[in-house]
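To start, the structure under review is shown below, and the notes come after it.
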2 protein chains.
Amino acid sequence: MLRPANHEGATASAPVHPHFQDCLHCEHRHLRVFCNLTPEALEHYDRIGILMNFERGAKLFSEGDPVRNIYVICHGQVKISSVSRSGRALILKIAGPGDLMGLSAALANVPYEVSAEVIESCQVKVMRRQEFLDLLDQHGVASLRAAQALSSAYMTVFYDAKRLALSNSAAGRLARVLLDWGRAVSPGHAELRFTMTLTHEELANMAGISRETVTRLLSQFRRDQWLVVKGSSMTILQPDQLERLTV
Amino acid sequence: MLRPANHEGATASAPVHPHFQDCLHCEHRHLRVFCNLTPEALEHYDRIGILMNFERGAKLFSEGDPVRNIYVICHGQVKISSVSRSGRALILKIAGPGDLMGLSAALANVPYEVSAEVIESCQVKVMRRQEFLDLLDQHGVASLRAAQALSSAYMTVFYDAKRLALSNSAAGRLARVLLDWGRAVSPGHAELRFTMTLTHEELANMAGISRETVTRLLSQFRRDQWLVVKGSSMTILQPDQLERLTV
DNA sequence: GCGCCTTTGTGACGTGAATCACAAATCGGC
DNA sequence: GCCGATTTGTGATTCACGTCACAAAGGCGC
């Protein structure tokens, strides 16, 4: 389904990105969930779990599976999705370095609520559920960080749900997906320029609308000069116009 | 908007429900968030915050306000809602005894994401944001409970969002609202019998659909013998049929 | 019991977007 | 550079719901 991200042409022989040896020296440490732990807690965190590599297409876990492990992405991209009873797919996010998977399900003591599939070869830290819970148990600060991570996850879905409930406009939904994607890639710019590695089908699954509607809306946005598409590179010229479509 | 819940005819003079003196002896303690704290943590929890009474119509806080306090409902009902830019309202839940309000916003360090309005006179424990955060800081077990509360809040919105994104069927949305409401009131019964204190307008705001559609769907459900309405009492005869409408 | 106000019930109508069905373009492998 | 597979573009059709408009039915105060 997905084209490989084109900046990732290099594969086995020469990894474009150095892989990590341990969590103490991880470059993502300072901006992610388990930054700011006390030294003891961090040391404990570093001690548990194992680092594993996964290839594109690998499934880390599937929706409905009992939670055996908690995952932290060190490097690469993972597609987080969920499927309705009728078989329609919803892509919730593309998780990247520093993202934690399985936390909410582990704490709520329910099966995974989503599926995770590798879309760009990954290095992942895998912790057994119990050893992760022990970490939280023994270090209050780790629990606190977990709670904070959960609040922001909650906020994200909350606003998603609100948008979905109150605005059914397909244009608004697509606009949101594009803006979020663009902002994540090129933050803080007036013009958002990025490589659109997703197909229309996948954009549709992220916005919860149909493939054809995505095609139609994109060409409409182009007609209105709100964005430019050149090959797989997309530039959002007028983010504020797209923003206005959002409820 | 809301008719007063009819089991709450008694007002000022003779409270139908005894109010609570402290958190150590609260009858909801065993089934709610801060059950299972260590004795020290529980004692600390009991020590902070103050108990306050609010009348119907009182606003505890509004969406967008900076988080000053965290609230725990001891008794009564609070309407949790959010409004879109275009002014459409979305009622997220009717919170009751044991429910915690403001946790996610406090931890994510953002303004309240929802508004809270009393719809049935309430006794509420109000904690200053900072004293609550201190509690979490000092008692790992409290952080852990908070994290657990957040995971289940997250799970709830997650499934809401999923339903909203994948099924736009008005019938499915309304069915979900009715089932959730009924199950909360008369749990574990094949037939769900309860007092529908909400108007069609409010049901519409909970399901994110229009008032007229609620009216039409309800009479359709009645025609299909899935439920019976008699005055303000509603009985869901065939919950599984309604369940099937849910994606 | 009489009005007033809120809530409920129903018809008519318009429309946004899903669905179906192809054609055109593009990609990827050999 | 050619060929099959995937992705994209576009029209025609359909339908579920929102919106508008108004009538009927309850409540409730006095």
Side-chain angles (χ1 to χ4, degrees), chain A residues 1-6 8-9 11 56-57 84 86-91 119 163-177 195-223 227-234 245 247, chain B residues 1-6 9 84 86-90 163-175 177-178 195-223 227-234 245 247:
Chain A
M1 272 244 263
L2 262 187
R3 282 186 245 122
N6 57 3
E8 191 55 279
T11 45
R56 177 181 160 74
S84 76
S86 62
R88 280 184 67 187
L90 178 65
I91 301 177
I119 57 175
R163 249 192 307 279
L164 290 167
L166 295 179
S167 109
N168 281 331
S169 139
R173 294 195 190 187
L174 180 60
R176 181 83 267 136
V177 172
T195 307
M196 175 47 65
T197 51
L198 302 174
T199 65
H200 289 188
E201 176 86 39
E202 287 176 308
L203 282 174
N205 287 340
M206 295 194 78
I209 61 183
S210 76
R211 199 271 306 165
E212 295 90 326
T213 300
V214 170
T215 302
R216 278 187 255 266
L217 284 172
L218 281 181
S219 55
Q220 188 187 313
F221 291 166
R222 258 182 286 143
R223 256 203 312 286
L227 51 77
V228 178
V229 176
K230 201 174 173 186
S232 68
S233 138
M234 173 177 289
L245 295 177
V247 173
Chain B
M1 272 244 263
L2 262 186
R3 282 186 245 121
N6 57 1
S84 76
S86 61
R88 280 183 67 187
L90 178 65
R163 249 191 307 280
L164 290 167
L166 294 179
S167 109
N168 282 332
S169 139
R173 294 194 191 187
L174 180 60
V177 172
L178 293 177
T195 306
M196 175 47 64
T197 52
L198 301 174
T199 66
H200 290 188
E201 176 85 41
E202 288 175 308
L203 282 174
N205 287 341
M206 294 194 77
I209 61 184
S210 77
R211 198 271 306 166
E212 294 90 326
T213 300
V214 170
T215 302
R216 278 186 255 264
L217 285 172
L218 281 182
S219 55
Q220 188 187 313
F221 291 166
R222 260 182 286 144
R223 256 202 312 288
L227 50 77
V228 178
V229 177
K230 200 174 174 187
S232 69
S233 138
M234 174 176 288
L245 294 177
V247 175

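Reminder, nothing fancy here: chain letters follow the sequence lines and each chain counts from 1.
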Measure the distance from [atom1] on [X] to [atom2] on [N] and round it to the nearest whole Å.
X: A/L166; N: D/dC17; atom1: CG; atom2: P; value: 17 Å
X: B/L203; N: C/dT8; atom1: CG; atom2: C1'; value: 12 Å
X: B/L198; N: C/dT6; atom1: CG; atom2: P; value: 18 Å
X: A/N205; N: D/dT7; atom1: CG; atom2: C1'; value: 14 Å
X: A/E201; N: D/dT8; atom1: CD; atom2: C1'; value: 11 Å
X: B/L164; N: D/dC17; atom1: CG; atom2: P; value: 13 Å
X: B/Q220; N: D/dA16; atom1: CD; atom2: P; value: 10 Å
X: A/E202; N: D/dT8; atom1: CD; atom2: C1'; value: 14 Å

Tell me if a side-chain donor or acceptor on A/T195 pairs with a main-chain N or O of A/T197 at a distance below 3.5 Å.
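No, because the side chain of A/T195 does not come within donor-acceptor range (under 3.5 Å) of the backbone of A/T197.
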Quick one: does B/R173's side chain have a donor or acceptor within less than 3.5 Å of a partner on B/G208's backbone?
yes
Any non-hydrogen side-chain atom of A/R56 less than 4.5 Å from a side-chain atom of A/I119?
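Result yes, sub-4.5 Å side-chain heavy-atom pair found.
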pair A/Q220-A/R216: side-chain heavy atoms closer than 4.5 Å:
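No, their side chains stay 4.5 Å or more apart.
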Side-chain N or O of A/H200 closer than 4.0 Å to phosphate OP1/OP2 of D/dT6:
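Indeed not, no polar side-chain atom of A/H200 lies that close.
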Do the side-chain N or O atoms of A/T213 get closer than 4.0 angstrom to the phosphate oxygens (OP1, OP2) of C/dA18?
yes
Given the structure, check if the side chain of B/R216 and the base of D/dG18 hold any donor-acceptor pair shorter than 3.5 Å.
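Such a pair does not exist between side chain and base.
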Within the modelled atom types, does a donor on one side and an acceptor on the other bring the side chain of A/R222 and the base of D/dT8 under 3.5 Å apart?
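Between D/dT8 and A/R222, which were checked side chain against base, a qualifying N/O pair under 3.5 Å is absent.
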Taking atom CG of A/L218 and atom CG of A/L174, what is their separation to the nearest 0.5 Å?
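A/L218 CG to A/L174 CG: 5.5 Å, rounded to 0.5 Å.
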Could you check which of C/dA17, C/dG9, C/dG11 has an atom nearest any side-chain atom of B/T215?
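When the side chain of B/T215 is considered, C/dG9 is the closest of C/dA17, C/dG9, C/dG11.
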Stepwise side chain to side chain contact (heavy atoms under 4.5 Å, CB included) test for B/L227 and B/L178:
CA-CA 10 Å; B/L227 50 77; B/L178 293 177; 3.9 Å; yes
Working for side chain to side chain contact (heavy atoms under 4.5 Å, CB included), residues A/V229 and A/M196:
CA-CA 9 Å; A/V229 176; A/M196 175 47 65; over 6 Å; no
Using a 4.0 Å heavy-atom cut-off across all strands, classify A/I209 as base, sugar-phosphate, or nothing.
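Sugar-phosphate, no base atom in range.
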Sugar-phosphate means primed atoms, P, OP1 and OP2; the rest is base. With that split, encode nucleotides 21-26 of chain D 5' to 3' as B, S or - using protein heavy atoms under 4.0 Å.
------
Set of residues satisfying salt bridge (charged side-chain N to carboxylate O under 4.0 Å, His left out) with respect to A/R176, sequence neighbours excluded:
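Partners of A/R176 under the salt bridge (charged side-chain N to carboxylate O under 4.0 Å, His left out) test: A/D180, A/E243.
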Take A/R211 and A/T215, measure what side chain to side chain contact (heavy atoms under 4.5 Å, CB included) needs, and give me the verdict at the end.
CA-CA 7 Å; A/R211 199 271 306 165; A/T215 302; 3.4 Å; yes
State, to the nearest 10°, the angle formed by the axis through the first five base pairs of the helix from C/dG1-D/dC30 to C/dC30-D/dG1 and the axis through its last five.
50°
